[in-house]
Number of protein chains: 2
Amino acid sequence: MASEITIEGPRRTAHAERIPSRLALLAAPEAARSQGEEAYLRIRERIVSLEMPPGSVVNEARLRADLSIGRTPIREALQRLAHENLVRSVPHRGTFVTDVNITDLARITEVRVVLEGCAAHLAAERLGAADRAAISELLDVLQAGRVTDQRDLMKLDQEIHRRIYRAARNSLLEGTLERYFNLSLRLWYLVLDHEVRLLEAVEEHTELLRAVLAGDGARAERCMSNHVSGFELEIRKVLVER
Amino acid sequence: MASEITIEGPRRTAHAERIPSRLALLAAPEAARSQGEEAYLRIRERIVSLEMPPGSVVNEARLRADLSIGRTPIREALQRLAHENLVRSVPHRGTFVTDVNITDLARITEVRVVLEGCAAHLAAERLGAADRAAISELLDVLQAGRVTDQRDLMKLDQEIHRRIYRAARNSLLEGTLERYFNLSLRLWYLVLDHEVRLLEAVEEHTELLRAVLAGDGARAERCMSNHVSGFELEIRKVLVER
DNA sequence: TCCACCGGTATATCGCTCGCATATCGGTTG
DNA sequence: CAACCGATATGCGAGCGATATACCGGTGGA
């Protein structure tokens, strides 16, 4: 019945090699991004870094001028951001950067606690040579104790988390976590310059990476869950006292 | 510094009442969907139900004719589906319905096992009156034993899962699970008419719903995780023997 | 006289349609 | 066998009509 539609996918003869193209795409430096992708990444960066503060209106015309990008890619990016809960679009009213509050923080954390834990568990069990090397390197940086600035620590935290996502070897999980991570990252920016738990975070990271390198899935999972929970507590502390 | 951008959000005077509008939006029957939403839902339905089989090309012009919808909404829908891993778009080559294989099944299940479990746990702990009533009703239907057809069971399974997502009262989690559920649902369609585990599923559902109604989060979580794992095993069994 | 309500107009934004430029593939030809 | 060329599908941009909100002047009542 629907057989007529059953046309072949891209290059059936090399069907087993379709995935590498995706990896190549991911590995592509930064050049071959479409304007839509470009707009998405740049606007996301602005929102996460609070350059576009929560609750503010998103002026499409202004973005178009700022980024020198046409209307279609901008709209495309905004729709994507809406699906990721970074903006909210009200028909014929405007598009707004989503607000942040304690409730959202809790909702985000609820999911991250289990999902990041899951990723850490998988990463520990599936750790490949390349990921092992990268994580060892990150561990060295941590133990060197050079990272004291909060912004640097944030960068490092990003690298650690994203590395673990990849090491878990589950692209769906990776994508999902990436989305939640950006939501969390914005919260971190929000409480930046509030002198919160630097040492604890470093220690948690160290223990986490060691567990992953040791292949101890259960311990890695616990570490990660604790790390995320602790993160929430710190953010919450700053958030409520304001 | 960025204060210039800090324009007010929509109707700051009624800032506390922004959420209800979202609920109203969700509660809106089916009428006020934009064409983009319409296209998304209809194409998704076609893909999940295998009317557009895995690996087939997605002909934009044909969809436009079939659905009597313009090009922009179709593109919009396809981009959204691409982000949800139901189609894959290759620049200047075409758009294809994503293939399914054992690996994907495993990746999907990995996430669902923890996430669905998490949702069940939260649902059990946060069960409100309305959700309690709805779930009791679902339990009655299950225990009546009238549902024997596999397609009916599938419908019922959908209702149960979606109800639990909502009962968990975490919109982010709900959205994420909805995406994964559609991926799983397509796999179920794939092995339909293969006479697989009807009774077990019903029993699992019954136990799950009882746990949720009893407010036993831990048990609900275990039930759900087992349910999802069992689901994978059954699908896998059929998938490998072909 | 002043205030509250109300209807009409103005504006801004959005969703959608349409057309052009571009890049890739497959077949054909020298 | 290599290179060219048409076919195809996408990326992007501009414009049109629709719609919801905001503004404003008028009117009725206290």
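All chains are named by letter (A, B, ...) in the order of the sequence lines, taking the proteins before the strands, and each is independently numbered beginning at 1. This structure is a prediction, so every number in the text was calculated from the model and none was measured.
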So, is B:R93 close to the C:dC25 phosphate, meaning a side-chain N or O under 4.0 Å from OP1 or OP2? yes
Mind listing the closest non-hydrogen atom pair of B:D131 and B:L127 along with its distance? CB-CD1, 3.7 Å
Nearest whole Å is fine: how far is C:dA12 C1' from A:R75 CZ? 14 Å
Rounded off to whole Å, could you give me the CD1-to-P distance for the A:I74 and D:dC12 pair? 11 Å
d(CZ, A:R64; C1', C:dC14) in whole Å: 12 Å
Gap between atoms OH and P, on A:Y40 and D:dC12 respectively (whole Å): 16 Å
Table please: side-chain donor-acceptor pairs of residues 66-74 of chain A below 3.5 Å, with sequence neighbours left out.
| unit_1 | atom_1 | unit_2 | atom_2 | d |
| --- | --- | --- | --- | --- |
| A:D66 | OD2 | A:R46 | NH1 | 3.2 |
| A:R71 | NE | A:E60 | OE2 | 3.1 |

Counting only side-chain nitrogens and oxygens, does A:T95 get under 4.0 Å of the OP1 or OP2 atom of C:dC14? yes
Nearest-nucleotide 5' precedence on DNA chain D, A:H92 against B:L78: B:L78
Is there a side-chain contact between A:Q35 and the phosphate of D:dG13, meaning an N or O under 4.0 Å from OP1 or OP2? yes
Rounded to whole Å, CG of A:L63 lies from C1' of D:dC12 at a distance of 17 Å
Write down the distance between CZ (A:R88) and P (C:dT13), rounded to a whole number of angstrom. 20 Å
Pick from B:R179, B:Q79, B:R80: which one makes a side chain to side chain contact (heavy atoms under 4.5 Å, CB included) with A:H83? B:R80
Could you state the CD-C1' distance from A:E76 to C:dC14, rounded to the nearest angstrom? 16 Å
Verdict with supporting geometry, B:E178 and B:N182, side-chain contact (heavy atoms from CB on, under 4.5 Å): CA-CA 6 Å; B:E178 173 73 22; B:N182 283 316; 3.3 Å; yes
Within the structure, does a side-chain N or O atom of A:R71 lie under 4.0 Å from either OP1 or OP2 of D:dC12? no
What's the CZ-C1' distance between A:R62 and C:dA12, to the nearest Å? 17 Å
For the backbone of B:E116 and the side chain of B:Y180, can you confirm whether one donor and one acceptor N or O come within less than 3.5 Å of each other? no
Whether the side chain of A:T72 and the base of D:dG11 hold a donor-acceptor pair under 3.5 Å is what I'd like checked. no
